[in-house]
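For reference, the structure discussed in these notes is given below.
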Amino acid sequence: MFFTTQLLEWNHQHNSRTMPWKGIKDPYRIWLSEIILQQTRVEQGQPYYERFITTYPTIQDLAAAPDEAVFRLWQGLGYYARCKNMLAAARQVVQSYQGRFPDTYEAIQSLKGVGPYTAAAIASFAFNSHHAVLDGNVFRVLSRYFGIDTPVDSTAGKKEFAALAQELLPAGQSAVYNQSIMDFGASICKPQQPLCPQCPLSKKCVALRQQIVALLPVKSKKLVIKKRYFYYIVLDYKGQVFIRKRTGNDIWQNLHEFILLETPSPITVQELQASSGFKALLQDVFYTVQGISPAFKQQLTHQTIHSQFLLLSAAKKPAITNYMAVPINRLNNYAFPKTITDFLENKSLGLF
DNA sequence: AACCCGGGGGG
DNA sequence: CCCCCAGGGTT
């Protein structure tokens, strides 16, 4: 088939994308790289990958690690459910598979945090198993080359593209082919300004012939961005501050935070102190205001979060439930969201 | 099927 | 400001 042969030929001639996990056969390293790279750019994920491999050279090392140490190593990478699931999967492999990474697509996908894409990637890269990968690159390349306008974020689209991708997969070459199509999508058939003039597939590309390259792939869902206002109370008592671990499935699950009050709209510090939530939390606390931080703004994919930190010093030991008192110089043992990390590292505020 | 989850980079 | 990124889990 023209598409497949041209793609493999392009890979043979031009591909020079080098990554530490490329071409290796160790399923642990492949799995780790794939988890880190979910919805994450290669340049952003690579340093994390290297730190994880250095810190946890084997899956046994990772499975035996304390949760908090792993979350701390993951800090800043985002999508923290990945970290939780990664730990669960490592322990799954050690306990249910005697530490030997499963070698079939079905068993691999049964691991926590491993879906269709990641299972196909591991199965093909590590075991040359006949499963086509379907990621953002593949959606883009196939939708353009074959001129398919089915929305890629629909169930019908996923089925259609998955079947096509599998059909194109050459026998016995799944590892190199899967690697090729993703590299090709990342370097030639890019989301913006694709390099059509030098594309080895341009001769038969439907989207190029119809001049709809920039319109593909089609996505149907529209993004709604919420605004949220966080007020963090940094309550200090004799060099210790109160933090807790976020639970549930909301943003920043399993990361830590200071005492938090959230409001639907921005308010002043005076209004905050007068609010019922503030009084309920700090009603029995005798404190003095030590400082007020500037407003921090963080733009996330689906929400904009404005945060402000209010530094309080307690005169007597506060009775705050659900939070733990941690010495300030021990805060670096805990994983925090980017906003709090930025706050803690901003020495110019003179807060600590 | 709809919705949720971070952070960074580029135009 | 927008979009995209080697997606997956929950409801």
Side-chain angles (χ1 to χ4, degrees), chain A residues 17 19-22 29-49 71 74-86 88-89 108-125 131-141 151-159 161-162 165 175 178-187 189-194 214-226 228 246 248-255 297-305 335-342:
Chain A
R17 260 186 131 196
M19 294 166 269
W21 49 83
K22 199 159 152 184
R29 294 190 176 215
I30 294 171
W31 163 75
L32 181 61
S33 72
E34 295 299 343
I35 299 299
I36 288 174
L37 292 175
Q38 286 169 3
Q39 291 295 287
T40 303
R41 294 174 184 276
V42 168
E43 312 82 65
Q44 187 188 359
Q46 184 165 331
Y48 283 84
Y49 170 81
F71 275 104
W74 192 277
Q75 174 179 284
L77 195 52
Y79 283 128
Y80 298 94
R82 289 186 292 168
C83 183
K84 175 188 175 184
N85 290 331
M86 175 185 73
I108 294 168
Q109 196 184 338
S110 75
L111 298 173
K112 292 288 186 190
V114 177
Y117 163 76
T118 306
I122 299 170
S124 63
F125 294 153
H131 290 275
V133 293
L134 187 55
D135 74 333
N137 292 302
V138 181
F139 277 119
R140 189 171 55 255
V141 171
V152 296
D153 54 357
S154 67
T155 303
K158 287 182 179 114
K159 281 184 64 175
F161 283 99
N178 280 338
Q179 189 65 63
S180 299
I181 193 169
M182 290 194 287
D183 284 338
F184 176 79
S187 55
C189 199
K190 302 183 292 181
Q192 274 89 26
Q193 301 176 348
L215 302 179
L216 296 176
V218 172
K219 296 193 178 179
S220 59
K221 296 191 175 80
K222 291 159 191 134
L223 191 60
V224 179
I225 299 179
K226 290 188 301 186
R228 302 176 74 177
R246 285 186 76 98
N249 292 324
D250 191 12
I251 188 174
W252 298 327
Q253 54 168 283
N254 294 299
L255 270 62
K297 178 183 170 184
Q298 188 176 19
Q299 186 61 58
L300 304 175
T301 300
H302 36 271
Q303 49 188 322
T304 305
I305 298 181
F336 294 97
K338 179 70 162 56
T339 297
I340 294 182
T341 305
D342 288 347

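Because only heavy atoms are used, hydrogens play no part in the values below, and waters and symmetry mates are left out as well, while side chains stay in. Chain letters run A, B, ... following the sequence lines, proteins first, then strands; residues in each count from 1.
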N or O in side chain of A:Q303 less than 4.0 angstrom from B:dG6 OP1/OP2: no

Select base, sugar-phosphate, or nothing to describe what A:M19 touches, counting heavy atoms under 4.0 Å on all strands. base

Heavy atoms under 4.0 Å, any strand shown: does A:Q298 hit a base, just sugar-phosphate, or nothing? sugar-phosphate

Whole-angstrom distance between C:dG8 and B:dG8, as gauged at atom P: 22 Å

OP1 or OP2 of B:dC4 less than 4.0 angstrom from a side-chain nitrogen or oxygen of A:H302, does that happen here? no

Distance test, side-chain N/O of A:R140 to OP1/OP2 of C:dC5, below 4.0 Å: yes

Does A:Q179 reach a base, just sugar-phosphate, or nothing at all? Heavy atoms under 4.0 Å. base

Please work out if A:V133 contacts a base, only the sugar-phosphate, or nothing of the nucleic acid, heavy-atom cut-off 4.0 Å. nothing

Rounded to whole angstroms, how far apart are CZ on A:F139 and P on C:dA6? 14 Å

B:dG6 pairs with, by Watson-Crick or G-U criteria that keep both distances under 3.5 Å: none

For a quick check of understanding: with a heavy-atom distance under 4.0 Å over all strands, which category does A:N178 fall into, base, sugar-phosphate or nothing? nothing

Considering only the C1' atoms, how many Å lie between C:dT10 and B:dG7, rounded to the nearest integer? 22 Å

Between A:Q38 and C:dG7, does any side-chain N or O lie under 4.0 Å from OP1 or OP2? no

Pick base, sugar-phosphate or nothing for A:S33, based on heavy-atom distances below 4.0 Å to the nucleic acid. nothing

